[in-house]
Every structure is written in structure tokens, then in C-alpha cells.
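The next block holds one structure in the form of C-alpha cells; read it before the comments.
Chain letters run A, B, ... following the sequence lines, proteins first and then strands; every chain starts at 1.
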Amino acid sequence: MGLYGLYGLYGLYGSLWVSMVSMVSMVSMGLYGSLWSLWSLWVSMCLYGLYVFLWVSMVSMVSLYGLCVSLWSLPTGSLFVGDVNPKWWRPPLPRTPPDTLCFLQLDIDHYVGSPVPGMPGATHGPVPILRLFGVTAEGNSVCLHLHGFTPYFYVLAPQGVGVQHLEPLRQELDSALLRELRGNREGLSRAVLGLELCYKQSLLGYHGGQLSPFVRVLLALPRLVPPARRLLEQGLPWGDMGVHRAAPYESNVDFEIRFMVDSGLVGCSWVEVPSGQFHLRGPPPGVPPVSRCQLEADAAWGGLRCHPPEGQWMGLPPLRILSVDIECEGRKGIFPEPEQDAVIQVGCAVQRQGDPEPFLRLVLVLSSCAPIPGAAVICFQRERDLLQSWAEFVRILDPDIITGYNIQNFDLPYLLQRARVLKVDSFPFLGRIRLRRSELRDSTFQSRQLGRRENKVLSAEGRVVLDMLQVLLREHKLRSYTLNAVSFHFLQEQKEDVPHGIITDLQRGSAQSRRRLALYCLKDTILPLRLAQRLRVLLSHVELARVTGVALSTILCRGQQVRVVAQLLRQAMREDLLMPVVKVEGGEDYEGATVIEPLKGYYDVPIVTLDFCSLYPSIMMAHNLCYSTLLPPGGVQLGPTDYIRTPSGDLFVTSGVRRGLLPRVLEGLLEARSRVKQELAQEQDVFRRQVLHGRQMALKVSANSVYGFTGAQAGKLPCLEVSQSVTAFGRQMIERTKQLIEERYCLRQGYPADAKVVYGDTDSVMCRLGVTSVAEAMTLGQEVATWVSQHFPAPIRLQFEKVYWPYLLISKKRYAGLCYSSSPEVSDGLDCKGLEAVRRDNCPLVANVVTACLQRLLLHRDPAGAVLHAQEVISDLLCDRLDLSQLVITKELTRSDSEYSAPQAHVRLAQRTPSMPWSTTCPLTAAITWSSSWPSPCCASLSPSWGRAGPRASCSVRTPQTP
DNA sequence: CCCCCTTCCTAG
DNA sequence: TGAGCTAGGAAGGGGG
């Protein structure tokens, strides 16, 4: 009796709590969502009652603690109750609640909610609450609500401002803001929490180092920042100081970034809340949980401890990675549309980070399906049950990361839309917040580099969507990005052979044919997991998040700028420097790097390549180039040794006066890079080497993008003085290097020959030093590099990179050569830059022919033979590389026998190829022409000639436009 | 035929 | 309100 009483009481109590907590969420949901949430509320109420009942009645059986929490996580429906595989649950919670709350944070966001008693910050009205999602070392999922962190920004105050001016200004701004809040439905009573007078400096420009008065504007909600900034910028009365238009600082910093920077928290790091400083959500009198995580707690912002990702805090907990793939019942020749075409199968594979294999394979099939060993098959008669069950599966499984191939733009949107069409009300709740509807958002991403890219974004709070297609598009330049091509390239493994056209037929066939489709579907979930594993995608992205200090999801779905901003802010904060908000204006372009005029030709002698390592970062470090060291024209007067004039005419103070922020940031990145390179040198495992290589590349790209950030005119903080100084130094350096080498390494100075810089681009020079062997070239190259380096300030360093022999220089940015980088005996193979062999805007035949010709020329060292056997090359290609049935010789043209020209063979080939992803299905045509003029204006040529300097040759082929 | 523009993709 | 940068070759199109 008593127990039943408790049950009902606690059920009521719980439901009240849930309803209160859900109020705010419901505001943002539509009517439909609200209806659903009411229903869910009812279910939650029952479950909560049951949960509390179990809790109270089994207090002594502590081992059931985990089970209770699991029950609380039960899905809202009951489709699965009989089918739940124990492996689906996360590991149970430890026997006793944790003493300290320690976990790896994977995702950070914030929401506006009601204050929780006992937590810092406002005690009534809406408050911003940060939310950290993560996983403990034991593999339990965590949701931590952090209270008391306040959004803020700064404005520059007029000289002579005093604390007495603050309260009138606060009231002015406060009432202006509240007036703008139409309706003020949340009942905000105070928009401006406070103004603080502080003394800081702008990080833009050196102004003698004096501090200026700034006002720090603390606001009740992050969304008040833009209007507050606008009001202050437009001008408000500052008491007796009159109306002042105040320049804003750091008002364009995202709330989460602000929080991470201020807390010293980097992405994917371990955090800890000490004993007694957090309150686990749970049974009364605790606050009821709102998430699906196993552990949920509240803590004050100040109670969070952040462990730098070093030593024991470098590892990762057993994260759960869910890979998903769906099959649709498409109509003949029509791409599946969720408004019409059913989802017939959903494949899932789940792997723990660090495990070699998935521990769970599951496929949900519409209609019957024959069993599959090693995989669970669940059959459904109705599509809506299938969809609902999948969503419930996701909620039970509680994955940290959702992966797959093109899930971001296809599978997930399709499922969501299909569920909407079929009115599967409980479907779109895929995140970790119980009452939060998963929504689809269109985002356009535009940059000069990548062009315009349209993406869909699924909201699933607390889970990270990691689409392998997006990762590969960003990080690898491939000819084709189909899952099949990519798997073959990286795994030497391919998809199950099921052509698109027969999917519907297989579905409509028998249990056996649906089994075949299920195998195909499962394979498509396994392949992305294997790809991610082989390319160490998770590890390298985690590393990037840690290095640049932003969250994993930021790394995955945003650009380079936000990473630089985060690093800049961290550095600036330590020195009381503030980031101004600059206006975007379409400025004119600035001058970039020098490309040395190539001495075109075929070189049958060793050519030494020397390059400046991390040229632009090292220039910025060597000359202390930064926002904070820029001396504006007509600025403070300084002694002649206190500043430098860059080759572009801009002035910067020396590091003795003030060390720049950017040089410091770069130091951090490059030191991390050299640590990784040391590791790389000791690593034996092929694939771990690839990771480390990828990681050091990522650090290099991060360092290089610091320069790009200063030149990004549509960016957060462009500073062309910095970027044009960097490139101007670079231009000066490469000219100087050429001059130094040619003046010292010559006959007149006692060297065996006159050295010649035959080519160079941005940070590299290719030199003919007059030596006749690779070994000599390496030795002399080292010496030259060391000697030249002495002429430049640290950390600028010219290093020996490799030797080319032979070397074919066709034009700027187009060359090839046989490469020796470590051993003079063993070549590293052909290196080919800019030629059609490495370009993706031609059909594969073109690249193949060019590669074959380059091999003849550079590997077999037989330029004449390359032409004489032109037909043979084609025959080789026909036989070895291409399917004869796919090639048609449409035209055979003249064979010139003029004594001044090499034999010409004009052959027109048509090749049917699977189209490139961005191309249509038209067959591509390649015209291959051999001619004697060089460099040839022909569309395609491989043509040697003999001049006074010896043999010369060029090779290029093009694809004509498809008619 | 030349010149100038755009588009694509690469080098660094 | 979110987007790193410039140089440069190959090729097509349009205008003179």
C-alpha cells in the first residue's frame, strides 16, 4: 500500500517537474510538437513513477542503480521491449554514484532555461545554461549543465569615464533592450546585468601600450548581445558625458567559444567537477533529468576543472559510434523522394572507439528477411513501425557519434522527412535532450576556396554527426567520391554488388532477395566505419579540436576562421587585449607570392629543391608581424630600433617592445607539429604513420591559415598590412635566395659550375648546381641550404627537400621529375605537379596517357622512344589499362615525315567511363596528338626536340568539350 | 587572329 | 554573420 502510494506521489511530483522544465522547450516547438510533448509527458510521468518506485524500494540493492537509470532511458513506445538486446545499452553505471564527475567532453552547446536552485546566476527569469555532453572513462554518457556563465562584450569608453557613469548607462541600455524585446514572453526583468569599468587595449595596432577605459557589458542572454552592441554603437547618453558612440569589442564571439576561452577549455578535453561541487540529477529531492544520458548533473561554471590534453589526459573513453545506411524503394530512373518512396531497410553498425570491429550489426527490414549470421535482423510489416523503432534504437543505444556515407545530406534528411510524411510522431527525437525535436536546417557555406556549398544540418544535441563523405571531400582530393571508389582506394575493398536499379526488385522479391539487399545495406554501414578507422578520422579531428581549442562539431562543420579566432582570443585574454569588431568593406586585392620565371626544358642532370619550411608562419614569427604590433602611420613616436619597415612599407614594433599574439599562436602550432614529426620518425605501423602524417599536415594547415585569416577580407578581422607584409617578405626572400645561390656557387668562386635557379614558387627554389650525381646533389644541397639560412633571421630556415633527376619543367606550376629525397640510390618515384596526370578535370584516359608518357620520358629516360613508340603507348593503354570495348578510334590522322619535325600521330579516342560525380553521363572524348613544336599549343602533345642545350620535351593532353 | 573575360583546378 | 590567401595555366566564349 505504502509503496503504491509513493509510486503515485512521485509520479505526480516527477511529472510536475518535467512539465516545468519542458515549458521553455515547448515555446520553441510548434503546436504539433507541443501535442506530442504532452503525450510524451504522460509516458514520462509513468516511467518516472516506475523509476522512482524502483529507486525507493531497492535502495539497498545498489547494483540495480544502473538498471534503474536504464529504465528511465526506455523509449517512449513499446515496440522493442521484447527485442532489446542487452548489448544495446551502454555499460551500467558504477555501483556507487561517482565521487567526482570526470568525463571527456565531446559536444558543447547552450540553452535558455529556468534557474536551478542553488546555482549561481539569476534566480528567476530565463538564464543561459551551458551544456557539456561527454563520456566517462567507464563509457557512461554524461550531460552536465553549467550555470552562472554570463554573455558579455566590451565597448570602448570615452576618456574620463568613471564608475558613476555606469548605472545611468546601464539603465538606459536596459530599458532600450527591454523595449526591443517584443512581448518579452519569458518575463525578463533585467537585460543588462551589469556594466564594469576596466582598463584594456585593442589588439589592433600598437598605441604605446597605455591602457584605455573599456566597459564590459554583461547581459542576461546571449541573444541580447547583437542589439546591445547596435544600440551602443549608434550612441547612448553616458550621463554628463553626453551621447557617445561606443566601438564594440568581441561582440561577435560565439557564446560557446567565449565560454571555452574564458574557462581555458579546449575541444575534446577531459573535464572534472570535484566532489561536492556538482549535484547529480535523479530522484527527489534532486532535480529531474531532462536528457537521455546516464549521468546528468548541475554545477557552477566556476567549479569546472579542465585538464589540458596531455599525459594521462590524452586518451579517449570508449565512445559509441553508430554507422547508418538506408535503402529506399525507388521508382525506375527516379531518384528516391521521401514524399513518395518508402524506406525499406535501415542498416546499423556500432563500434566502440578503439575496438577493431563493430560489436553490433543490425538491419531493420520492411517485410520478411532470411537470417544473417552475425547480424540481428528485425522485420516490420509497416514502414512507420520500422522508422519509429529505428529512432527508439538510437535512443537506447545512445551513440556519441553518428556516422555513415552522405548521411548528412541524404540518409538522415530522408528519414526525417519520411517520418514526417508518415506522421511518425515520436521519430524526430534523436538527440540527448528528451523533449527536444530533431530538426533539419539548411546551411550554405561559401568561401572562395570551396565555392558555394549547400548542406543540411540535423540537430541532435549531444551527438556528433560525422559524415565520412564530408570528411573525404575536405581532406582528400579524389577523382571520385562514391563509397565504392573511396573504399577501393583506401581499403582495397568494395561494396556488395547491387546495382541501384534492382533494389526495388530485390525488395519485392523473396525473404532471400531481401536478405541480399540487407547484406548490401549492412556493408554500406561497415565501410564508413572501416574508412574512419583506417584514416584515423576521429583521432585526427579530436587532435585538431584540442590544438585549435574549438569543439569537435566546430571542426566538422565550420571553416578555418573560427579556429584562428579561438586561438587569438586565448592569447589576447592573457595580455588584456581585446578584439575589435571591424566592418567588412570590399577592399582591393593585395600582391601575393613570386613564381620565378621557369627556364623550361628537360634536364638530364640532378636538380636540387630547397624550400623554406613554413614560410609564412616563420616570416610572421621572425618579424613579429601581428595585429597588436602594427604601428599605424602617424601613431606613437618610437626610437629607430623599436620598429621595422616591411618591404610593403608597413611598420611593426619589434618583439622587444611587444611580442605579437600571432607569433605566439604560431609557435604553439609549430611546436606541436615538430613533436608529432618526432613521433612520426619513431612510428613503425603504416597506418599510424598516416595518422601522424595527417595530424602534422593539419597543424601545418592551421599555421598557414593564420596568414590566410589576416587576408580574409570578408572575415572577422582582416589586416592587409600583415598579409601584404608577409607576402612582400616572401617575395624578397625568394629573390634574395636565388641571388645568393647564383653568386656564390659559381666558377668564379671555385665551384665546378655556375649554379642556376631554374624555377621557384613562393617558398622553394629548384637549382642546377653543376653536380652529376644524386649523392653529390644531396650533399651540396644541404650545404647550400645551411649557408643561405644564415642570411635570414630565426626561425626562418631554408632546408634541403629533394633532388629531381631527370626533371621536366614545362611552365609555371607544371613540372615532373624522378624524385630522390632520402637515399641517393633509391628514388621515391615520379613526382608530377600541375600536369593533366594529377588534374581531375579530364577523363582518366588523359591522365593515364600522360602518366605513361612521363614514365617513358623520366623513368626510362627515352624521350625519342616516347614519340617513336607513341602508337605502342596507346596499344599498351588499350590492352592494359582500358577495356577495349569501351574505346573507339574515331579518327586517324597524318604522320608527318618532315625532317624538322618528329613523327606525328593524331588519334582520336572516345572512352566511355563512369562519369565523374560532378559531370554528366555523357561519354568523354580524349584527343591525343603528338607533334613536334615545343612548347606546343596543341591540345595534347608529347614532343621531344633537340636544341643546343640537349633534349627537351613536353607532354600534355586535354579533353575536348563534349559535343 | 588577338584580346579580354570567366571557369575550373591546381601550386604553394 | 558566415565564408583562409594569391598566382597561374588551360580552355571556352565573345567581340573587334
Side-chain angles (χ1 to χ4, degrees), chain A residues 223 225-226 229-230 251-254 443-453 455 457 474 477 479 548 554 557-565 581-584 587-598 600 609 611-617 700-720 722-724 726-728 730-731 734 759-766 801 810-816 831-842 846-847 916 918-919 927 935-941 954 956-962:
Chain A
R223 104 170 91 87
V225 169
R229 170 213 152 166
R230 184 172 39 76
S251 62
N252 51 358
V253 177
D254 295 342
S443 85
T444 56
F445 186 101
Q446 190 172 351
S447 76
R448 270 197 221 185
Q449 182 191 24
L450 300 170
R452 193 172 61 252
R453 221 172 246 186
N455 274 319
V457 182
R474 269 190 180 213
K477 293 194 165 179
R479 220 169 244 290
T548 58
T554 309
C557 56
R558 293 179 64 182
Q560 296 283 349
Q561 288 215 43
V562 64
R563 307 182 198 180
V564 182
V565 169
V581 179
V582 299
K583 289 187 192 75
V584 284
E588 55 274 20
D589 289 353
Y590 64 92
E591 195 180 340
T594 296
V595 183
I596 293 176
E597 196 55 45
K600 299 172 188 175
T609 300
D611 62 14
F612 288 102
C613 21
S614 302
L615 178 72
Y616 287 176
K700 182 182 177 173
V701 169
S702 292
N704 281 336
S705 65
V706 170
Y707 150 75
F709 176 73
T710 65
Q713 295 186 44
K716 280 239 161 86
L717 195 59
C719 183
L720 296 199
V722 170
S723 29
Q724 73 190 4
V726 170
T727 57
R731 291 193 300 274
I734 198 167
Y759 180 58
D761 185 346
T762 310
D763 60 354
S764 64
V765 283
M766 276 66 159
E801 177 81 7
I810 290 170
S811 65
K812 286 181 173 177
K813 300 188 189 283
R814 293 167 69 83
Y815 61 84
D831 215 0
C832 178
K833 302 289 185 186
L835 301 181
E836 280 67 15
V838 296
R839 291 179 69 94
R840 298 172 298 169
D841 50 356
N842 292 96
V846 171
M916 289 180 282
W918 53 84
S919 158
S936 167
C938 284
C939 59
S941 69
S954 87
S956 76
V957 184
R958 76 166 172 88
T959 308
Q961 291 259 305
T962 359

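Taking atom NZ of residue A:Lys812 and atom C1' of nucleotide C:dT6, one finds them 13 Å apart after rounding to whole Å. With rounding to whole Å, A:Asp254 atom CG is found 9 Å from C:dA3 atom P. In this structure, the NZ atom of A:Lys813 is 5 Å from the C1' atom of C:dA7, given to the nearest Å. Atoms CZ (A:Arg814) and P (B:dT10) sit 12 Å apart, rounded to a whole Å. The CD1 atom of A:Ile810 sits 14 Å away from the C1' atom of B:dT10 (whole-angstrom rounding). Protein atom CZ of A:Arg731 is 17 Å distant from nucleotide atom P of C:dC5, rounded to whole Å. Per the geometry, CD belonging to A:Gln560 stands 14 Å off C1' belonging to C:dG2, to the nearest Å. One atom, CD of A:Gln724, and another, P of C:dC5, lie 15 Å apart when rounded to the nearest Å.
Annotation: of the two residues near DNA chain C, A:Lys716 and A:Thr727, the 5′-most nearest-nucleotide partner is A:Lys716.
Across the C1' atoms, C:dG4 and B:dG12 are found 14 Å apart, a figure rounded to whole Å.
Residue A:Gly708 is in base contact, counting any heavy-atom pair closer than 4.0 Å across all strands shown. Looking at heavy-atom distances under 4.0 Å, A:Asn704 makes contact with a base. Across all strands, A:Tyr590 comes closer than 4.0 Å only to sugar-phosphate atoms, never to a base (heavy-atom distances). At a threshold of 4.0 angstrom between heavy atoms, the contacts of A:Asp763 are confined to the sugar-phosphate backbone, with no base atom among them.
A:Lys700 NZ: 12 or fewer foreign heavy atoms inside a 6.0 Å radius.
The side chain of A:Ser811 lies closest to C:dG9, out of C:dC5, B:dA11, C:dG9. In this structure, the nucleotide among C:dT6, B:dT10, C:dA7 sitting nearest to the side chain of A:Glu591 is C:dA7. Distance from the side chain of A:Arg839 is smallest for B:dC8 among the nucleotides C:dA3, B:dG12, B:dC8. With B:dT10, C:dG8, C:dG4 as the choices, the nucleotide that has an atom nearest any side-chain atom of A:Val838 turns out to be B:dT10. In the set C:dC5, C:dA3, B:dG12, the nucleotide with an atom closest to the side chain of A:Arg558 is C:dA3. Considering only the side chain of A:Tyr815, B:dG12 comes nearest among B:dG12, C:dG8, C:dG4. Closest to the side chain of A:Ala712, from the set C:dG4, C:dG8, C:dT6, is C:dG4. Of the candidate nucleotides C:dA3, B:dA11, C:dC5, B:dA11 has the atom nearest to the side chain of A:Lys833.
Contact check for A:Tyr759 versus A:Val765: no side-chain heavy atoms found under the 4.5 Å cut-off. A:Lys812 has its side chain within reach of A:Glu597: a pair of non-hydrogen atoms, C-beta onward, lies under 4.5 Å apart.
Under the 4.0 Å criterion applied to side-chain N and carboxylate O atoms, A:Asp761 and A:Lys813 are assigned as salt-bridge partners.
In this structure, the side chain to side chain contact (heavy atoms under 4.5 Å, CB included) partners of A:Lys833, at least two apart in sequence or on a different chain, are A:Tyr815, A:Asp831. Listed by chain and residue number, nothing satisfies the side chain to side chain contact (heavy atoms under 4.5 Å, CB included) test with A:Cys557 (two or more places apart in sequence, or in another chain).
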